[in-house]
Novice: 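To start, I am sharing the structure in question, which I have written as structure tokens.
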Amino acid sequence: MQAGSLPAGIPRRLARRPHLAVALLRWRNAYRLNRPRLLGGAALVLALALAVLAAPPAAAVLHWLARHPVVTLAIVACLFGLSVMRRQERIQSEAATSWLAALPVPRSSIARLVLGTVARLLAAIVFLGLARAVGRLAATEAWRLFCMVAAGALAGTLAGALTGLPLRAGAAGSPGWHYASVRRARSRWATAPALTPLSYWPVAQGRIFSRPKTSRVVLFALLAIPAGRRDPGEVALAVAAGCLTAFTLVSLSTAAVRTAGDAARWLAPTTLRLRTFIAAFIWAGAVKQAAVLAVVIFLACAVDYAAALRDGAALAAAYVALSCAAAAAACARASRRVGLGAARRGP
Amino acid sequence: MTSSAQVGEGGAPALQVRSLHAGYDKLVVLSGVDLEISRGEWLALLGPNASGKTTLLHCIAGMLVPSAGGIAICGCPLRQDAMGAKRQLGFGCAPEALPGLLTGRQCLEVYAAAKGLAAIDADVLELAGQFAFTDMLDRFVGSYSLGTRQKLAVLLALLGEPALVVLDEAFNGLDPASALVLKRHLRSRVSAGRCAVLLATHALDVVERYSDRAVLLLGGRIARQWSGQELAALRAMPGEGLEAALAAACVGTT
């Protein structure tokens, strides 16, 4: 790319870095085309952050995290590590499919990884600043949390970069479906077709989002927790298990919401009705989430039987219900947009 | 090839499009399209890129709401009786719109169930065999090539004996042998009066040899039509035939 041919407003130093130039252009175009929506979204996120901080447990959780810096460090390192690994895999898979793949220019992989980490770190710092501004954190606690978040981000980024895919020039990552497994076909698939396999789609997508490889970074963070505390092993295991469980649950929820639009568009020309579509689309994901939470509750019973059953079951039911509601809302919205069944409003 | 178009069951044509206007936000794509296809007729929809062919097909499939005008499939108005209209429709989706994380077999099963079929048609399974698609049935669609995805999209469109088959560039990416199988299969369905075919295409050999009629969509309107006799005459002409006629029609209209 020649510097003179760059669109106005794009720095000339990005002339040999088309991946970064394109990312910048994408953001700029999105802002110009959807300025009210983007600003509204930012305001909504800010309002949500304030609402979370206003909730009574928020202060208790923040105080607890400030008092347990090792656990905080481990959690932040896990989150940043997983995020870096996912971006690494995306960059690698784009190496084969991107429209810029054939250009004889660097992929700017490290710059893209670092920029992503910096953006997430800034978001965390803004959240801590808000917590301090609304009086949920004392100055010393805010400073301690800031140090833990910064250190955790650095450790997680390094761990993720070291344990993830190598960013070799010319190397291409595996396509997404490589991480999903083919389920055996029903014997009566041709003589009595059913909608059952439809819900395998979001489950497979969820598996791709929480690729098993990413557990390595959790193990790395687990080993990084220093010995010498009273029960470092238990804390480390709890942190690792918590992260993996949360990641699995969130991956399944996100996958259902993200794939709902594609599924509705694919099935729009059929006579499928909205309620049937929603039920067929979300059941397997909901069952899998319920199974994961049941295992967690079973394990937690070993620590506190009554509390695990009372609070754990209520929280698990609430999470699965919320996840199903989000997926159903995404299905309904997508169906209205593409006219699945008769779920279409007139012009 | 049948030149006499049969009227659909109950006297209604397979597809009736009246004064159709459609677009995306402020962009007007279709402005007053009128079209009618009878059962037992193969209509080719021609037009340069961005002339509105896919938009028209999406309106017919109920995926895009027109701003004005009406569409009826076998007499069922799409707006008032969407389910009745879709029951008669077989729509070949874009290959990239197929679910990459389902296998071909799962796609066929889910699509058949979504159409409310009691079983998958034997001739669709036979066509899958002729396409040499059977070995691909238990692989993820995400691993398919463009041509293999195209085969699956066509098989899905033909499920349930639809009275109107709507295909968008269905021969893109198909190997010559599979393309010939598909042309013959569609022709036999049309000739037997089992369905009408609306095919948006740039493949002029298909139009010349297999279509009963062709229309040119230009600037959101039907700019020119070729009857079966005119297509036969163009086929018999030495040289460029329909290609030259199409280019002349495009230049003449613009």
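Below, chains carry the letters A, B, ... as their sequence lines are ordered, and counting in each starts from 1.
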Novice: Answer with side chain, backbone, both or neither: which region of B:L108 has an atom nearer than 4.5 Å to a non-hydrogen atom of chain A?
Specialist: side chain

Novice: Out of A:A268, A:P202, A:A204, A:A194, return the one with the most heavy atom pairs under 4.5 angstrom to chain B.
Specialist: A:A194

Novice: Which residue in the set A:L272, A:L198, A:T196 passes side-chain contact (heavy atoms from CB on, under 4.5 Å) when paired with B:V110?
Specialist: A:L198

Novice: Distance check, rounded to the nearest 0.5 Å: A:R183 atom CZ versus B:L102 atom CG?
Specialist: 10.5 Å

Novice: Filter on side chain to side chain donor-acceptor pair (under 3.5 Å), then keep only pairs touching residues 15-34 of chain B, sequence neighbours left out; what's left?
Specialist: B:Q16-B:E36, B:R18-B:E36, B:Y24-B:T55

Novice: List in chain and number order the residues that pass side chain to side chain donor-acceptor pair (under 3.5 Å) with B:K183, two or more places apart in sequence or in another chain; answer none if no residue qualifies.
Specialist: B:D205

Novice: For the side chain of B:K115 and the backbone of A:P269, is there at least one donor-acceptor N/O pair under 3.5 Å apart?
Specialist: no

Novice: Go through the atoms of A:S199 and report whether side chain, backbone, both or neither lie under 4.5 Å from a heavy atom of chain B.
Specialist: neither

Novice: Name the member of A:A264, A:A190, A:A185 that forms the most heavy-atom pairs with chain B at distances under 4.5 Å.
Specialist: A:A190

Novice: Does atom CZ of A:R28 have more than 12 heavy-atom neighbours, drawn from other residues, nucleotides or ligands, at distances under 6.0 Å?
Specialist: yes

Novice: Are A:I208 and B:L101 packed together at the side-chain level, in the sense that at least one heavy-atom pair is separated by less than 4.5 angstrom?
Specialist: yes

Novice: Is there a side-chain contact between A:T270 and B:F91 (heavy atoms, below 4.5 Å)?
Specialist: no

Novice: Please report the closest heavy-atom contact between A:W266 and B:C93, naming both atoms and the distance.
Specialist: CD1-SG, 3.9 Å

Novice: So which of B:Q106, B:H58, B:R105, B:R139 has the biggest tally of heavy-atom pairs under 4.5 Å with chain A?
Specialist: B:R105

Novice: Using heavy atoms and a sub-4.5 Å threshold, report which of residues 151-169 of chain B line up against chain A, by residue number.
Specialist: B:L156

Novice: Heavy-atom pairs under 4.5 Å with chain A - which of B:S143, B:A112, B:G116, B:G100 has more of them than the others?
Specialist: B:S143

Novice: With a 4.5 Å limit on heavy-atom distance, are the side chains of A:P193 and B:Y111 in contact?
Specialist: no

Novice: Considering heavy atoms only, which positions within residues 276-291 of chain A lie below 4.5 Å of chain B?
Specialist: none

Novice: Distance check, rounded to the nearest 0.5 Å: A:T271 atom OG1 versus B:K86 atom NZ?
Specialist: 8.5 Å

